[in-house]
Enquirer: 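Structure below; questions to follow.
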2 protein chains.
Amino acid sequence: MHVAAVPDESTELAGKDGPRRRGRRPGGGDTRAALLDAARVVFAERGYDGATVRAIAERAGVDPAMVNHWFGGKEPLFVAALNLPVDPAAALNEVLPGDPELLAERILGRFLQLWDTTGGAQLATLIQSIASHDAAASLLREFITRVLVIKVVATVAPDRPELRATLCGTQLFGLAFVRYVLKVEPLASADHATIIAAVAPNLQRYLTGPLP
Amino acid sequence: MHVAAVPDESTELAGKDGPRRRGRRPGGGDTRAALLDAARVVFAERGYDGATVRAIAERAGVDPAMVNHWFGGKEPLFVAALNLPVDPAAALNEVLPGDPELLAERILGRFLQLWDTTGGAQLATLIQSIASHDAAASLLREFITRVLVIKVVATVAPDRPELRATLCGTQLFGLAFVRYVLKVEPLASADHATIIAAVAPNLQRYLTGPLP
DNA sequence: GTCTATACAACGATAGAC
DNA sequence: GTCTATCGTTGTATAGAC
């Protein structure tokens, strides 16, 4: 298998005007960034299997072969594109300061606000991609371990931070799955206050409560 | 889209012994049941997209065209096949009698015992199929509403049974997702006692605890 | 002139339809 | 069983930057 070298991290956008030309583009490397943007949209809309390399390339306005040239294939492109639509570390940092015993409320509030405005559909397809692709699962596994453990749980509860973090993960993932993917009522259309009042105590127990 | 007529609901099991014969089978309708059995195995092993009509038909020992004839296509076959590998209603009935305040422990114990012995891989691919296929999501939505609500929650807590049931769903689904699909440590390889001690109080609160 | 990002074409595989 | 569509991928010639 041939693996192309990946040149650099240039992300400047250039115009997509005019007909496609052969050969090297004038201004320089916007192709890689265009592919990343297109991949995020198409993967989010259709999931990993549903998103075709051809469709991504077409949306980016470049040749499908560019996917191989810049990323080495569909799967590496997916992993690269999985820069989540919001920066999880930043969102969590906004929510960390304050009473540790109310941290769960703040996390849930931010969580719901984020995904309800961005449109739950995006989260739903993201979860679908994660569920149907091992590379995404691995990536998310590492994300959970790193961000959730180190940045959050360890600051409020020194004992068993890894177990606490994964338990928090079960509650948050389950909530996302039931509300945005399965869309089970009455949870699917419950307002934020109701959900927070119902779930926050449980999440808070995982964060700072007694554990076996 | 062409939808073939589905003859009847015959589900009698017949032997799969003997080599394939041409023409109409003598005893009559074991083909439909054989296809259902094969479909459950193959869908569980490879997910919806990974399971091919050909593979299912081959395992059932019949012609691929039989899928169209009996079910009208791959998708209807999938929905019909989603009689879960274990009967959820039966499993829940085994667990219902006893102290209502310890119901969560019994549910979790049965849950873990069931999926750890059956092999978590089967649950993982099942969740993947659910996440990546709307028909499965609809089916599961109905299952949660019917079985979980009516059979369980309503018997232990009369107030807001639907909300309680979906909340329980978030915890159980999230646990399954993190443990069997994402496989995040230390939860992925934690023993049953640890998980029960950690999760049961939260699940119990959803069942019988105070709610807003 | 050299390097390389690019476009186009085609391959092998495999799915579902008929 | 055949047929068609479409997938991911690869080879190769070319155009432009350096």
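Each chain gets a letter, A, B and so on, in the order its sequence line appears, and its residues count up from 1. These numbers come from a predicted model, not from an experiment.
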Enquirer: Quick check against the 3.5 Å criterion: does B:Q204 have a side-chain atom that pairs as donor or acceptor with the backbone of B:A104?
Expert: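 Looks like yes, one N/O pair under 3.5 Å.
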Enquirer: Working to the nearest 0.5 Å, report the span between NE2 of B:H192 and CZ of B:R110.
Expert: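 CZ of B:R110 is found 12.0 Å from NE2 of B:H192.
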Enquirer: Can you tell me how far P of C:dA7 sits from CE of A:M66, to the nearest Å?
Expert: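 These atoms are roughly 6 Å apart.
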Enquirer: Counting any heavy atom closer than 4.0 Å, what does B:A65 reach on the DNA or RNA strands: base, sugar-phosphate only, or nothing?
Expert: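 Result for B:A65 = nothing.
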Enquirer: Measure from NE2 on B:H69 to P on C:dA17 and round the result to the nearest Å.
Expert: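 My rounded result for the distance is 16 Å.
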Enquirer: Can you measure A:F71 atom CZ to D:dT10 atom P for me and round it to whole angstrom units?
Expert: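 Result: 16 Å.
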Enquirer: Going 5' to 3' through nucleotides 2-8 of chain D, assign each nucleotide B (protein heavy atom under 4.0 Å from a base atom), S (under 4.0 Å only from sugar-phosphate atoms) or - (no protein heavy atom that close).
Expert: B----BB
Enquirer: Mind calculating the distance between CH2 (A:W70) and P (C:dT4) to the nearest angstrom?
Expert: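 Those two atoms, CH2 and P, are 11 Å apart.
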Enquirer: Distance check needed: C:dA10 C1' versus A:D63 CG, whole Å only.
Expert: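 Rounded to whole Å, this separation is 12 Å.
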Enquirer: Between B:R205 (side chain only) and B:L211 (backbone N and O only), is there a donor and an acceptor less than 3.5 Å apart?
Expert: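 Side chain of B:R205 to backbone of B:L211: no pair is present.
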Enquirer: When you measure from the side chain of A:R179 to the backbone N and O of A:A190, does any donor-acceptor pair fall under 3.5 Å?
Expert: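 Yes; judged by distance alone, with no hydrogens or angles, the pair exists.
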Enquirer: Count the heavy atoms of every other residue, nucleotide or ligand shown that sit under 6.0 Å from CD of A:E58, and state whether that count exceeds 12.
Expert: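 It does not: A:E58 CD has 12 such atoms or fewer within range.
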Enquirer: Should the pair A:R59-A:D37 be classified as a salt bridge under the 4.0 Å nitrogen-to-oxygen rule?
Expert: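 Looking at A:R59 and A:D37, the cut-off is not met.
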